[in-house]
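Indexing begins at 1, ligand by ligand and atom by atom, following the structure's order.
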Amino acid sequence: MSKKYYLTTPIYYPSDNLHIGHTYCTVAADALKKFKTLQGYDVYFTTGSDEHGQKLMQKAHEYGMEPKEYIDHIVDNIKALWKTMDIDYDYFIRSTDEIHEKNVQNIFQKLYDKGEIYKSEYEGYYCTPCESFWTESQLGEGHTCPDCGRETHLAKEEAYFFRLSKYRDKLIELYNEHPEFIVPESRKNEMVKNFLEGGLEDLSVSRSSFKWGVKVPFDDNHIVYVWIDALSCYLTGLGYGWNDEQFNEYWPADVHLVGKEIMRFHTIIWPAILMALDMPLPKQVFGHGWILFDNDKMSKSKGNVVYPEPIIKLYGVDALKYFLLREFSFGSDGSFTKEKFMARLNSDLANDLGNLVSRTVSMIIKYNDGVIEKTDAKTEFDDGLIELATSIRAKVEKAMETYQFSDALEAIWTLVRRGNKYVDETTPWILAKDKAKKDELNNVLYNLAESLRIVSILISPFLTNTAKEIRRQLGIEGEIKLEDASEFGLLASGAKVTKGDVIFPRLDIQEEIKKLDAENKALADKREKDLEEWIAKAGGKKPEAKKIEEAKEDEAAPITIDDFGKVKIKVALVESVEDHPNADRLYVLNLKLGDERRVIVSNIKSHYTKEELTGKKILVITNLEPKKFRGVESHGMLMAAQTEDGKLSLATVMEDIPDGAVVN
Ligand code: MSP
């Protein structure tokens with residue numbers, strides 16, 4: 001029975017469509033799966049989407065939608081992308097799947113029952129985009145998030161805590177006893193130095209300030225911290241709680257491939273949770289580097305996003321996969337530029353591989369009617385070629401042991417380049433002029449085809465379509481087997497080649513960059529349109545469009561005086577204004593309405609200074625249900641007019657009228 005191998009990528013935030021940086025890990029995982037399968041492993045590979053948390057909730061609400069409605073659209077795009085990219089995952093786990101949620105609750109309950117989780121109060125610096133709490137000592141300059149560099153805010157809430165602190169020594173022991181647990185080694189040093197050396201604090205593992213998450217099973221006011229929910233996908237995606245047989249066959253994971261910024265979650269929190277659950281630990285966590293875009297992290301807000309789809313449309317999926325895996329060393333950061341991409345295509349794919357395939361097939365057609373013929377008429381260059389060709393498999397296997405995709409491909413390309421050199425050395429076009437050299441010529445052509453057969457096996461996990469096409473053109477039938485890559489001479493004599501299209505044409509770099517930019521822009525526009533349609537279908541609206549539409553609707557559909565009478569509006573005196581303790585863009589207004597005092601939280605901070613507001617009489621709606629904004633309860637809403645470009649102007653009264661006066 002073949003050995004089981006469990007491999008994961010992170011589950012992605014479906015807040016936006018994925019860019020090529022996102023595809024990096026999944027492309028690597030897919031190649032690893034295909035390679036391990038070729039080696040005879042029985043591989044299970046999970047990926048998925050991480051759908052809970054404040055950020056996604058806020059985004060959906062901005063569009064007037066429920067989070068799930070919004071997310072469904074993005075998840076569909078992600079799945080379609082993986083299909084286009086021929087990503088061979090076995091299970092796509094969505095953190096909103098019922099079976100997942102139920103099992104997250106079970107996990108949380110188990111930890112609670114074992115005394116690993118307890119209730120207390122949390123105060124810390126919270127980074128909303130990263131959904132992470134930080135201690136003061138971990139923050140960057142100006143209280144910024146050490147991961148993304150954005151500003152954090154002080155947040156305080158009642159929470160459940162996981163006893164992470166008690167696992168510090170056990171984690172150090174794990175790293176020492178299993179030095180292979182964290183790779184590359186430098187990441188281990190980072191974890192020890194940045195997190196473990198100073199001691200670990202218990203981890204807040206529930207939230208009560210918003211609702212979009214998995215409910216804590218024994219406390220309705222809390223949801224499970226999104227990272228506990230997300231990490232559990234590695235279990236539930238495999239069958240934990242719904243297919244125990246499969247789960248037990250594959251768990252523990254052989255490797256979690258993750259980006260370097262989320263190593264902390266995977267090498268500290270995750271093993272500690274598993275220890276607390278008395279479960280076997282993953283064998284390895286690999287932290288890969290980032291693909292930078294002109295030395296910056298790619299992101300929509302920076303406007304430097306390159307989507308994978310236009311690249312695939314213009315150059316094929318193999319070109320993108322080849323570039324990502326060959327250009328960058330998996331553990332380190334690398335910079336993506338379109339020039340580098342095109343240059344790599346021209347040199348490695350068009351000049352080296354494409355050229356070798358097309359000249360080999362053309363020569364076999366031209367000099368031997370398309371028939372591959374094995375002969376004994378050796379040339380002095382054969383041994384060198386054969387020795388190299390049969391040595392590549394071992395090099396590729398070795399590189400793949402440590403996820404060095406780039407080294408593996410480079411090893412294969414030494415054979416590709418050697419093949420081209422062999423053509424130049426043996427000069428078949430000269431041999432073809434001499435009838436007496438026919439056998440020698442056929443031997444040369446056979447050796448070229450045979451080298452390409454070996455190349456086709458070794459590239460198949462990385463450039464699956466290209467491997468198939470090479471085999472089609474060379475008339476090779478049957479299943480691809482790794483062991484066939486270390487033997488020379490397996491190609492049957494008499495096979496017929498078929499001329500195909502050039503597998504990788506040479507590109508005019510500047511022309512292609514223009515084309516790619518145009519495709520990228522067209523896709524971004526289409527995405528925007530699709531999203532708007534999706535939002536409209538769900539009954540939501542994009543923020544700007546929404547206000548104008550609403551105003552029109554108000555005019556179009558009159559309400560009765562009774563309807564209006566339900567809304568209570570009063571004059572309020574602004575006594576004082578404070579900054580919201582947990583939200584940079586909000587004010588907390590202390591208002592006096594006659595004898596009554598109330599607090600209203602408002603987003604007018606970017607429109608008025610505190611001085612401009614203090615002492616003013618404004619209009620407020622007083623009978624709205626109270627609502628908490630980042631921990632501060634707001635009792636009512638200010639009335640303001642809004643221009644199309646988003647400027648707010650507060651509604652007020654013309655004469656000096658006592659506060660508390662009713663407006664009707
Ligand atoms: N949802 C979490 C993961 C939870 S796993 C239990 C998350 N999601 S993410 O969508 O932000 O990132 C998913 C993966 O994409 C991460 O491994 C991240 O490092 C990777 N990348 C995002 N941008 C990237 C680049 N520009 N380059 C390389 N990888 C990058 O984190």
* Close N or O approach (Tyr24, ligand 1; < 3.5 Å) -> no

* Asked: Any nitrogen or oxygen of Gly259, main chain or side chain, under 3.5 Å from a nitrogen or oxygen of ligand 1?
  -> yes

* Candidate with minimal heavy-atom separation from atom 12 (O) of ligand 1, of Phe265, Tyr12, Trp227, Trp270 -> Tyr12

* Any His288 heavy atom less than 4.0 Å from ligand 1 -> yes

* Taking the side chain as every heavy atom from C-beta outward, state whether Asp50 and Ser95 have any atom pair closer than 4.5 Å. => yes

* **Flag if over 12 foreign heavy atoms under 6.0 Å of NZ, Lys114** => yes

* To do: Mark up the atoms of ligand 1 that fall under 4.0 Å of a heavy atom belonging to His19, in ascending order.
  => 23 (N), 26 (N)

* Asked: Does an N or O from Asp50, backbone or side chain, lie closer than 3.5 Å to an N or O of ligand 1?
  -> yes

* Taking side chain as C-beta onward, heavy atoms only, is Pro271 less than 4.5 Å from Tyr167? -> no

* Check ligand 1 against Gly289 and write out every atom of the ligand that is under 4.0 Å from a heavy-atom position of the residue. => 28 (C)

* Asked: Purely on distance, is any nitrogen or oxygen of Glu261 under 3.5 Å from one on ligand 1?
  -> yes

* Asked: Is there at least one pair of N or O atoms, one from Leu231 and one from ligand 1, spaced under 3.5 Å apart?
  -> no

* To do: Please check if atom NZ in Lys398 has more than 12 non-hydrogen atoms from other residues, nucleotides or ligands closer than 6.0 Å.
  => no

* Contacts of Phe504 that satisfy ring-ring contact (aromatic ring centres under 6.0 Å, His included) - sequence neighbours left out -> none

* Tyr234 and His266, any side-chain heavy atoms less than 4.5 Å apart -> yes

* Ala230 to ligand 1: N or O pair under 3.5 Å? -> no

* Asked: Is it the case that more than 12 heavy atoms not belonging to Lys166 sit under 6.0 Å from its NZ atom?
  -> yes

